Protein chains: 2
Amino acid sequence: MTDEGDGSVDAEDAAAVTTLASPTPADAREAVAAAIEREDVVSVFGTCTVEYEGRASSHLGPGDRLVVCKPDGTTLVHTDEGHQPVNWQPPGSTQEARLTDGRLELHSLRSTPEEELLVRFAEIIQVTAYDVTDETELALEGTEEDLRERVLDNPDLVESGFTPLATERETPAGAVDIFGEDGQGRRVVVELKRRRVGPDAVGQLGRYVDALERDLHAEADVRGILVAPSVTDRARRLLAEQGMEFVALEPAA
Amino acid sequence: MTDEGDGSVDAEDAAAVTTLASPTPADAREAVAAAIEREDVVSVFGTCTVEYEGRASSHLGPGDRLVVCKPDGTTLVHTDEGHQPVNWQPPGSTQEARLTDGRLELHSLRSTPEEELLVRFAEIIQVTAYDVTDETELALEGTEEDLRERVLDNPDLVESGFTPLATERETPAGAVDIFGEDGQGRRVVVELKRRRVGPDAVGQLGRYVDALERDLHAEADVRGILVAPSVTDRARRLLAEQGMEFVALEPAA
DNA sequence: TTGTGGATGTCGCCG
DNA sequence: CGGCGACGTCCACAA
């Protein structure tokens, strides 16, 4: 069932996959170039060095890696460890398979910012190309959007008598998650976070409150409420210092 | 040079790679399980569904994808687009290759937080396993650390007469990048950023300045200087509002 | 193109 | 293990 070196295919839909085991650099270059042209996803196992130059720069000496090139311009270089690729190029980059000094090189360029990635293979273990098509969309739950819906469906979860008036209300400091008023008719700014919050979220909420107090040119005060599953000690202290509040709430019931 | 379906090997060092093209689910499970045991990196091209449950939860319908399992417990599910995997499990997770209702399932569990990933294959195009070993360390330049060194080597880049006294000086708000004094002997807090800064960095610097003024129980003021390649308009305005300053400096000369 | 904030962020450091 | 901040963060969305 395995394709021969020239990428010949058998019946059925095996036409979609191309595999080369221990190919010559020239054969590998040919196969990768054709696969990129065909808009396949390409994976290459082998020993390589990697150079990156752009916002930062890096050099990576010889080692075994898995390199993946996607038809959207993404390139990923993975070692045997870590969620993150050791080097990469984002979507929208150009991709080229070259033969330089008898070695396979995968070269990728992007602009804004100008960045360059060069993978040079000392040994090629295997090249695979496959026409990966995925129309399906990921259905993700438990996001900040879910938390917002939960609060809007049941505002009492924030505080008895709380009434949302607007979402994404604009202020000079940016858009407030939920703007509303409490049982006494005081203005309330609610900042939502889907997970445990630190000092950064307090700073954000504080900027919104200040901006709104300025915007409504200071007719009394604006309450700031941080809604999240939990809060760190320092963040809780910062909230208190600025006269703001915390309400514990999970993104999902 | 291509291995046969049972993973037999030929001479040379091709022993390291195993390839199965269009295997049965049972053969694929066997090969993946053996490869995980052997601590190989495994890649699987095929049509699959993915379920994730943990901090959030997600469902992904049938589609062609590339799944990578690493010996450190990482699992990545990549579609034909994007730098980010559509689903994943981080290093340290357990990995298991199962046969359920005649289908190949890759199941992964982690704890703290408890999270589960399940990839179920409707069709398996290709399974590859290879002993990826990479001793080499990535040499990265142009980081915040490089910017710090640049400032310490030449403090005048911040301001003529500036004298660094300490790095990572502790305050109740966290560690300050560089603490020092200016030509007039006033305390100076320097916050370093390797790239263009927004409002968050201003908040951070502001917290350090406030904390130090409290810490030194308010013997006059502490200057706050944000050092970065550039700054957004809003961040510059926030700096001005809080009486703080900006100095333009690149991480590398 | 730039600005702004979210993310199953991940990663490393340190208490 | 939690807190905290950096990251070549990536990413979607708005101006």
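Letters A, B, ... mirror the listed sequences (proteins, then strands); counts begin at 1. Remember, it's a predicted structure, so these values are computed and weren't measured experimentally.
Distance check on atom P: C/dT4 versus C/dT8 gives 23 Å, rounded to whole Å. Annotation: C/dA7 and D/dC7 have their C1' atoms spaced 14 Å apart (nearest Å). Between D/dT9 and D/dG5, the two C1' atoms lie 13 Å apart (nearest whole Å).
No engagement by A/D233 is indicated, since no non-hydrogen atom pair under 4.0 Å with the nucleic acid exists. Contacts of B/P199 with the nucleic acid, taken as non-hydrogen atoms under 4.0 Å apart, involve only primed sugar atoms and P, OP1 or OP2. Among the protein residues, A/A173 comes within range of the sugar-phosphate backbone only, with heavy atoms under 4.0 Å from sugar or phosphate atoms but none that close to a base. Across all strands, B/E115 comes closer than 4.0 Å to base atoms (heavy-atom distances). Among the atoms of the strands shown, only primed sugar atoms or phosphate atoms (P, OP1, OP2) are found under 4.0 Å from some heavy atom of B/E191. Using a 4.0 Å heavy-atom distance criterion, B/P91 is classed as a sugar-phosphate-only contact. Within 4.0 Å (heavy atoms only), B/N87 reaches at least one base atom of the nucleic acid.
Residues from residues 142-155 of chain B lying near DNA chain D, meaning a heavy-atom separation below 4.0 Å, are B/T143, B/E144 in numerical order. Within residues 53-76 of chain B, the residues approached by DNA chain C to less than 4.0 Å at the level of any non-hydrogen atom are B/R55, B/A56, in residue-number order.
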Just the table, please: protein N/O against nucleotides 13-15 of chain D N/O, every pair under 3.5 Å.
none

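With sequence neighbours left out, the ring-ring contact (aromatic ring centres under 6.0 Å, His included) criterion links A/F45 to B/Y130. In this structure, A/Y52 has no ring-ring contact (aromatic ring centres under 6.0 Å, His included) partners at least two apart in sequence or on a different chain. Residues passing the side chain to side chain donor-acceptor pair (under 3.5 Å) test with B/T74, sequence neighbours excluded: B/D72. Looking at residues two or more places apart in sequence or on another chain, you find no ring-ring contact (aromatic ring centres under 6.0 Å, His included) involving B/H107. For the salt bridge (Lys or Arg N to Asp or Glu O under 4.0 Å) test, residues two or more places apart in sequence or in another chain that qualify with B/D134 are A/R65.
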Under 3.5 Å, side-chain donor or acceptor atoms of residues 83-90 of chain B against the rest of the protein: list the pairs with distances, not counting sequence neighbours.
| from | atom 1 | to | atom 2 | distance (Å) |
| --- | --- | --- | --- | --- |
| B/N87 | ND2 | B/S58 | OG | 3.2 |
| B/Q89 | NE2 | B/S108 | O | 3.2 |
| B/Q89 | NE2 | B/E115 | O | 3.3 |

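Within the structure, no pair that satisfies the salt bridge (charged side-chain N to carboxylate O under 4.0 Å, His left out) test touches residues 79-90 of chain A, not counting sequence neighbours. Within the structure, the salt bridge (charged side-chain N to carboxylate O under 4.0 Å, His left out) test picks out the following pairs touching residues 238-251 of chain A (sequence neighbours left out): A/R223-A/E245, A/E241-B/R214.
At the phosphate of D/dA6, neither OP1 nor OP2 sits under 4.0 Å from any side-chain N or O atom of B/R195.
In 5' to 3' order, the nucleotides of DNA chain C bounding all contacts with chain A (an atom under 4.0 Å from a heavy atom) are C/dT1 to C/dC11.
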